[in-house]
Structure formats: C-alpha cells, structure tokens
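Take a look at the structure below.
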Amino acid sequence: MLEPRYEHKEVEDKIYSLWEKSGYFNPDNLPVAKNAKPFTIIMPPPNANGSLHIGHAVFVTLQDILTRFWRMRGRKALWLPGADHAGFETQVVFDKKLEKEGRSRFKMTRDEAWKEMWEFTQKNKVVMENQLRKLGASADWSREKFTLDPRIVEEVQNTFVKMYEDGLIYRGMRIVNWCSKHKTALSDLEVKYIERKDPLYYIKYGPLTLATVRPETKFGDTALAVNPKDKRYQKYIGKEIEAIGLLGKLKFKVIADDAVDPKFGTGVVKVTPAHDTTDFEIWQRHKDEISGPKTIIDENGRLTRETGTFTGLKVAEAREKVAEAMKEKDILEKIEPEYVHQVATCYKCGTTLEPLPKQQWFVKMEPLAKKALTAVQSGKIKFYPDRSKKVYFHWLKNIRDWNISRQIVWGIRIPAWFCLSCDETKMNPKIKSRWFLVRHGESEFNKEHRHQGQMKGNPLSAEGIVQVQKTAKLLKEQNIDLVISSDIERCEMTAKIIAEETGAKLVFDERLREQSTGVAEGMMKDEFEKKYGDIFSKYEERIPGGETWKELEERIWKSFNEHQKNHKHMNVVIVTHGSPISYILGKIKNIKGEDLITAPFPKNAEVVDLVISEPCKKCGGDIYEQDPDVFDTWFSSGQWPYLTLGYPKGKDFKNFYPTDVMETAYDILFFWVARMIMFGIYRTGHVPFKSVYLHGLVRDKDRQKMSKSKGNVVDPLGVSEIYGTDAVRMALVAGNTAGNDIIISEEKIKGYRNFATKIWNVSRFILMNKPSGIIKSTPSAEDKKNLAQLKKIKTEITKHLERFEFHLASEKIYHYFWHTFADKIIEGAKPRLRSNPSNPLGASNEEEKAAAYQTLETILIECLKMLHPFMPFITEEIWQKLKPGEPLIIAEW
RNA sequence: GCGCGCUUAGCUCAGUGGUAGAGCGUCACAUUGACAUUGUGAAGGCCGGAGGUCCGAUCCCUCCAGCGCGCACCA
C-alpha cells in the first residue's frame, strides 16, 4: 500500500542513493550485452564559481531524459559530468568577492590569487555536484572531470603545441579588445556592442577636415586616408600635408585605402594604427608608406607620456579636454552632438573596451572552420532545430582569428616560453635549472607609502611576513639550492624565512641592495614629489645624496651576471628589491636607458620564475620566462568531448567517442559548439557528436530574461524543495521546443505538482484493488482495446523521444495518463472492480475483477516507464512498491 | 547594413495542405469517492496584414508591419 500522500522530501534523497548504490549510472555496470551500443552525452560543465540556476536545470532535465530513455532501451548509457574552471568568468566573480572584502587581485601575487581561487572553485564544485544530484541527474560520477585536472591541462597544452607546429597558431602584435578594468584582452565573441550617442568632432588637418568620435587618439595618428576613388581628394593622395597639432606642427601623409567610405563624414579619416582595428589594418597595407602604431593609451585606459599635458587622463576626460584645446587652437570645425554609433564594451562589466596593440596568441580559424562547415553540410552532425545550422554557417563563413591569450591568473597557462633576450618562442623547453627573483614582502615603509631606499629601521610588516611565508611554501616545492639576498633588513628577513622553509643555503650580496635614494629616504612619496618633482623618471639625474638609475643598473647587472656564471646548474632564489628585479629583467630583454625605469615592477613577495635552458638558437641566451598569459577558457572547454573520455589513449575514448548528443543552450553555439566541432575534427579526425540539440533561455511568464537585479530568478533547488523535483522537471520540458526560449512560472510548476499527486493516487487506487492470491483472468474486449491504445501511445512517445521532441512526449504521456487512463479507463473499470453481481459478461466476479485489475496494472507499469525519464523520483518510488527488486531505472522500455 | 526567428484563445505556448489544440485563467454545475493537488461542461480565436500557388492555406511562396535575437571595422 502507498501512503495517502506523496512526500517528495522524504522520497527524493532516498531514491537517489538507491540509484547510486545500484551502480547503474556507470555504463560498465549495466546488465546489457558487452557489445551493446553505447549512448553518450558529455555534460556541459557548469562553471565552478556559483550555484546552479534554472538554466542548468533545463539541461539536467533534457539530458537526463535522454540518458534514462536510452538506458531503458538497452543502450550502454553514459552521461559524463564535469565542471569548468571558467577562467575569466570565475575571476570576475572572485574580483567582486575581493572587492566586497576591501581587497584587490591586483595587489596579490599570482600564486596567492591562484590558491584562493582554487579553494573557492573546489568548494563550489562540491555544492554544484550535490545540486545536480538533487535534480535527479543520472550521471556517472565515477568519470567526473574538472577542466583543471592535471591530465586535462596537459592535453590542452599538447593541443596548443601541436597547433603551433602545424601553423594553426601564431603569436603576433594585433589590436585586441582590452578591458581596462579587468586588465585583459577579450575575444571578439566577448565584446558586447551597445548603441550610444556621442559627439562627432570635425577636426581640421591642414587643408582637410575629418570627422571622429575619438579626438583624444589624435596623438597616435600617423597618417590620413581617403578612398582611392574619391575625386575630391585625388590631389592629396601620396602628398604630405602640414597640420597644426596640440603639441606643435605635424606632418601627415595622405594615403588611399578602400576601407574609407567616401560617404561618411568628410570622406577623410585619420589613421591611428595603435588604437583602431581598421586603422591598424590600413597601416599593414601601407607599411612602407607610413609609420606604425604609436601607443598613446595605456592598459589602465589612461593617456601616456606621449600626450604632453594630457598624460594620465582617462580617455573620457581626455576627450573633453582635447576637444577644448582644439577649439582654442581653432582646429575644431564643428561638433555633431548626437551621433549614434556602436561602442564595444566588456560583456561582464560594461567598461568601454580600448583597442590596444598587444602581443597575443591567435588561432588561425579558416582551415578549422572549413572542416567544421563540411561536417554539418554533409550531415555528419545534425542540428536541432535545423535552422540553427544557418546561424552556424554564417558565423563560420565570416570567421576571424581567435585571440586565445588572457591576461588573468585563473586558467591554464600557455606552455610557451620566451628567450628573455630576443623574445624567441620555445614550447616546453628542457629545464636545466630555475632562477626565482623574489621581491621582499611588504615593509613598514611600503605600508606608509614612504621612499625606503637603503634606509635602516624598516623591517617587514606583519602582513609582509605572512606574504613571505606563503611565497616560501610555494618555493619549497622547487628544490631550491641557494638563496642570494640583498643585505637590507627587509630582504634579509625575507631571505631568512625562505632559506629556512626551503632548507637552502643563504648568502648575502650588498650589490643587490635597492637604489640609494639619498634625501628621499624615509620621506612620504607625495611629499617628495611636491618638493623634487619627477626626478625619479630621469635616468641619469642624481637625487641629492643618492645613486642614479644608471649606477644602480651597472651594479645590479654585474652581480646578477656573476651569480649566473657561478651557479648555473643550481636552483637559485634571488631576494632583492623592486627596481633591481625590474632592471634585471629589463637588461636581459635589452631594454635601454629611460625605458628601463618604466619596466614592470614586481609586487611584494612576488616571484619571477626564470628557466635556464638550452641556448637560444637565435641569440644564444639561455634564460627563458614562461608566457604569463592563460588560455581563453573556451580553448579548453572546446576540447571537452575527447578530453573527458581520456584522449588519446583512454579506453573510454575508444568506446564512447564520437558521442551521441551535445545538448546545450543556443547562446553558446559559437563560443562552444562550433569550437568543439573544430577541435574534435582537428585532433581526433572525427566529429565530437552526431547531434546538437540547442535549448532556449529560460524566461519568466512576462518573457523577461531572468536576472538577479530584476528579482525574477527562479531558483531550481528552491522550487524543487517546495513542489518536488519531478514537478520542476516536467514544467521545464512542457512547451520547451528546440531553439526557443522557455517560459516558466510558479503556476506551471504547481500544475505538474498536481500531476505528481495524480500519479500517486492512481497508483494508490490500483494497488488498493490488487486481488489477493493469483486468479486466472481473461482480458475483456474493453481491456484489449485499452491495451492496444496504450501500445500505440507508447510507439508515439518513443518516436518523439528518438526525435528529440521532448515537449511532445511529455505532453502526450501527461495527457494520456490523466485524461485517458485516470479519467476514462479507471473510471470505466470501477464497476468491474466492485464486482457487480449483475455483470452481464458472464464471467465470475472474481475473475472479472482480476481481469480489470490486471489491465490497470499493466497500463500503470507501462506509464511508470514512460514517465520515468521525465519524473524519475515518484515513478521509481511507486515502482519499488509495485515491483520490489530491480529498479525502474533499468526496466526495459 | 546583413542574417535568423517570432506574431494562433485573456495569459503562456503546441500544431497540421482539408477552414484549429493544450495548460493556466474565467464561468456554471457536481463531488463526504484513490485524488478539493478533483470531476463534468461552457464561454472565448476572420491562426499579424496584403497578395500569390492550390479544388482547398493558419500551414507553401512573395511583399509589408510589429517584436525579439545574432552578426558587422563605418571613423
């Protein structure tokens, strides 16, 4: 007998652990023939940076339906779960978390940030896995993967190296989409264009006038361009014109290029190769005529020293000030105040992106795209809905090279090293020894923003000691032989902690001291600046009582070279100060004079990790540094289907690849699906999956996208708690067609909760009427008709599921169960079950009752099977009462 | 600008070359029954507009409108 009510809260966990204990989520344990056909779905790995939202519940439902359906049909069903480290996304979440705590990633060392993010994602991962279980996911947890599992990382890097060797990956200086808040480049897909109204400025360049929305980039102009066919400007092409600039007279060559639209503005454009993609391309076409990128905006979105009085201004401020200055000089002809245009912004934070020239890694897309196109055109991969093919084709046909370098910490490190002296690239160099340049931890003076120089009485702060201890722990794993340190207190303390932790020998070298800064020592930084100005940016100028930069450079370089020669085969830590580290690196890179001063400066307790390897073929240098960048997350998740199956040698790869279905949301068609197809074909020679099913985005009943700020998010776990997981799953399937958005409301879920109650009560009623003992029975004509109808319904539902028509299948079984089975068949059987003595059929009452029962039970059993993929918990619970023993999960469909 | 969708009952959506369906909502009635988390029934739609193909169009084609989305270097 069943309880009077279905209590999902008591049932769901119990049933899930029954399944887990059965082992049937693992295809190896299924009671099927050895040669049974596999059915494989790789789960789109949720980002390990938060909890599951309703969109995840959609994929869980759909993929679980497929997995359960095909498992019941006798296939070796594998649904392989995983989690994604989600590089940039996670780092953004992490940044926000830090911000709330009053901290910043940009003040942390790389290793420190990495460690915290690792712990953060590991925690989230566990939460997520349990949420997936709550939603009923019948995934094989024994095969679960994380994108940062060592073997996955290794294989991702192998792909990179292979592609590099095959000429599919190159490193180059290109204009990238730079987010000055997150300080990283983004791929073209991560750019969100928004419409904005800005003033359009008409600027006079000598005899010509041109229109621009970005007057502040004027300082980076290297030419003017017109359309070659533009009659108005024929006489200027190839000539140099003189113009009045804000910083004096300028000379620009006028070139002709097709990229210029004669109908826009005045038909003349300024060419700013460093800060505009089109202009960069124009320059590349006219390299021998005009000069190249002149960077006037830095990574913080501020104007550089090239811009005179505008130095340090943010782009937006600079724009207004430059316009004002131009007005004063009478070179601003007019302003169109409300010019509407598209502005590139960061899809995560909305910051206006700066086009900046950067050395980055790119994937050459055309050859990959071509094959990915053919695979779908030839029908090797089918799309559901079919129309999404068109979108896919359109993208592939217009594809541009993919920037895969990210200037963030959280991700898979690019396995490329650069010869420090000539920048030559080497993949996975043979490591002879390692040199770690370590800056001292935070000192008391650092904390107080004082110049410290060589001043005494300036030990590490409490925070500084903690920083150094963390660094020392990391260095311990590196088999350090020797620590060489500056003898200034803050370094001495740092070196002692490191030497103790690593057990390495410790020596001091006074040549590794910080620059002696004379009168500056002990002074507050802003106070000093007021008094002495920017004396620190002069290479050969002497601060009273101190050393010049030049003198520091010579002393440091001599020391470093000597230690290099003497300890070549040792793993060495050099503990020194900010400027010395910056200078050592700068010197190796052949940076000269004043430019050395602006070379990157390490943070407190930061480690610069240098590798000593075979001498470079190009310049003979043997010091290498690994590219600090990490891969775009999609570079690793794009390889997910074969990586999760243990490519290249894994048994699973042989058995389960290519997979059957890739089920995911349509908004990551380009980000993910297209790239999986490209990578799959490239590395394995086969498509990664045979079908792509794309579901829509979940919206509320007013068609609004769900977002936290709107307050209309439906928490799948929350509503499951209230109405039961089965009800939520049904609500997510019904009316959910491929490629279209899904509308969900609490009322809809409630409706399916009612359905669950119906299922429960129907089962309860039937079990209540179970005859005691075995009674021979013959089905009546009515029974036969009903059973025949059942068979027909089942065939239809099977077909629907085979065709990915989840909504039709779910609605059909819902309808049949409630309005045919419950309302008609059971109602019709009631008189027979009551053993009416005046039964005209002539059968004995008991026999008649048994026949009626038998039919109802048969229909119930079949209905439970058909409902199971959609509503796994309640059906299994009833099944256990009806047929104790083998679980419903492997009942034959 | 190019491309892809959508437009069907009050709401949310299915659907088919033979002049329409579901859920929710509304209304009426019933019901101490396995189930009020129920049942029976009703009202409600020139299937966005205009043309075309066809014996016949909500469905196929063309154009138009509104909405949504994607792509795009227009300074």
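Computation of the quantities below employed the complete heavy-atom set of this structure, encompassing side-chain atoms and omitting hydrogens, waters and symmetry-equivalent molecules. Lettering follows sequence order; numbering is per chain, from 1.
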As a check on the pairing definition, encode RNA chain B in dot-bracket form, counting Watson-Crick and G-U wobble pairs whose two distances are under 3.5 Å, and using | for partners outside this strand. (((((((..((((....[..)))).(((((.......))))).....(((((..]....))))))))))))....

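Between E796(A) and K792(A) there is a salt bridge, since at least one side-chain N of the basic residue sits less than 4.0 Å from a carboxylate O of the acidic one. Between E7(A) and R5(A) there is a salt bridge, since a side-chain N of the basic residue sits under 4.0 Å from a carboxylate O of the acidic one. In this structure, E857(A) does not pair ionically with K883(A), as no charged nitrogen and carboxylate oxygen lie closer than 4.0 Å. Between K364(A) and D401(A) there is no salt bridge, since no side-chain N of the basic residue sits under 4.0 Å from a carboxylate O of the acidic one. Ion pairing between a basic and an acidic side chain is recognised when a charged N comes within 4.0 Å of a carboxylate O; K830(A) and E827(A) show such pairing.
No contact: T277(A) has no heavy atom under 4.0 Å from any strand. Contact annotation for D823(A): backbone-only contact, meaning every heavy-atom pair under 4.0 Å involves sugar-phosphate atoms and none involves a base. Looking at heavy-atom distances under 4.0 Å, V271(A) makes no contact with the nucleic acid at all. Using a 4.0 Å heavy-atom criterion, one finds that F755(A) contacts no nucleic acid atom at all. Note on L808(A): only backbone sugar-phosphate atoms sit closer than 4.0 angstrom, heavy atoms only; bases stay farther off. H819(A) comes within contact range of the sugar-phosphate backbone alone, with a heavy-atom separation under 4.0 Å but no base atom that close. Across all strands, E827(A) comes closer than 4.0 Å to base atoms (heavy-atom distances). Using a 4.0 Å heavy-atom distance criterion, T272(A) is classed as making no nucleic acid contact. The residue K390(A) sits close only to the backbone: its heavy atoms come under 4.0 Å of sugar-phosphate atoms, none of a base. Base contact: R5(A) has a heavy atom under 4.0 Å from a base atom. Among the atoms of the strands shown, only primed sugar atoms or phosphate atoms (P, OP1, OP2) are found under 4.0 Å from some heavy atom of Y339(A).
Close to rC4(B), at under 4.0 Å from its OP1 or OP2, lies no side-chain N or O of K389(A). Within the structure, a side-chain polar atom (N or O) of H807(A) is placed less than 4.0 Å from OP1 or OP2 of rG15(B). An OP1 or OP2 oxygen of rC73(B) is reached within less than 4.0 angstrom by a side-chain nitrogen or oxygen of R400(A). The side chain of Y666(A) places no N or O atom within less than 4.0 Å of a non-bridging phosphate oxygen (OP1 or OP2) of rC4(B). The side chain of T737(A) places an N or O atom within less than 4.0 Å of a non-bridging phosphate oxygen (OP1 or OP2) of rA14(B). Applying the 4.0 Å criterion to OP1 and OP2 of rG68(B), one finds that N740(A) has every side-chain N and O outside that range.
Taking atom C1' on both nucleotides, rC47(B) is separated from rC60(B) by 16 Å, rounded to a whole Å. When the C1' atom is compared between rU32(B) and rG39(B), the two are found 15 Å apart, to the nearest whole Å.
Closest to the D276(A) side chain, of the nucleotides rA75(B), rC4(B), rG70(B), is rA75(B). Distances were taken from every side-chain heavy atom of F264(A) (C-beta onward) to each of rC24(B), rC35(B), rA75(B); the shortest belongs to rA75(B). For H815(A), the side-chain atoms get nearest to rA22(B) when compared with the rest of rA22(B), rA75(B), rC35(B). Relative to the side chain of E811(A), the nucleotides rA75(B), rG70(B), rA14(B) differ in distance, and rA14(B) lies closest. The side chain of Y814(A) lies closest to rG23(B), out of rA75(B), rA34(B), rG23(B). For K758(A), whose side chain is taken as the heavy atoms from C-beta onward, the closest listed nucleotide among rC35(B), rC73(B), rC4(B) is rC35(B).
Ring pair F806(A)/F804(A) is perpendicular by interplanar angle, where above 60° counts as perpendicular and below 30° as parallel. Classified by interplanar angle (parallel below 30°, tilted 30° to 60°, perpendicular above 60°), the ring pair H341(A)/Y339(A) is tilted. Using a 30° and 60° split on the angle between ring planes, Y233(A) and Y236(A) fall in the tilted class, from 30° to 60°.
Each of T855(A), N769(A), D783(A) was compared with R832(A) under the side-chain hydrogen bond (donor to acceptor under 3.5 Å, both in side chains) criterion, and only D783(A) meets it.
Atom CZ of F817(A) and atom P of rU38(B) are 14 Å apart (whole Å).
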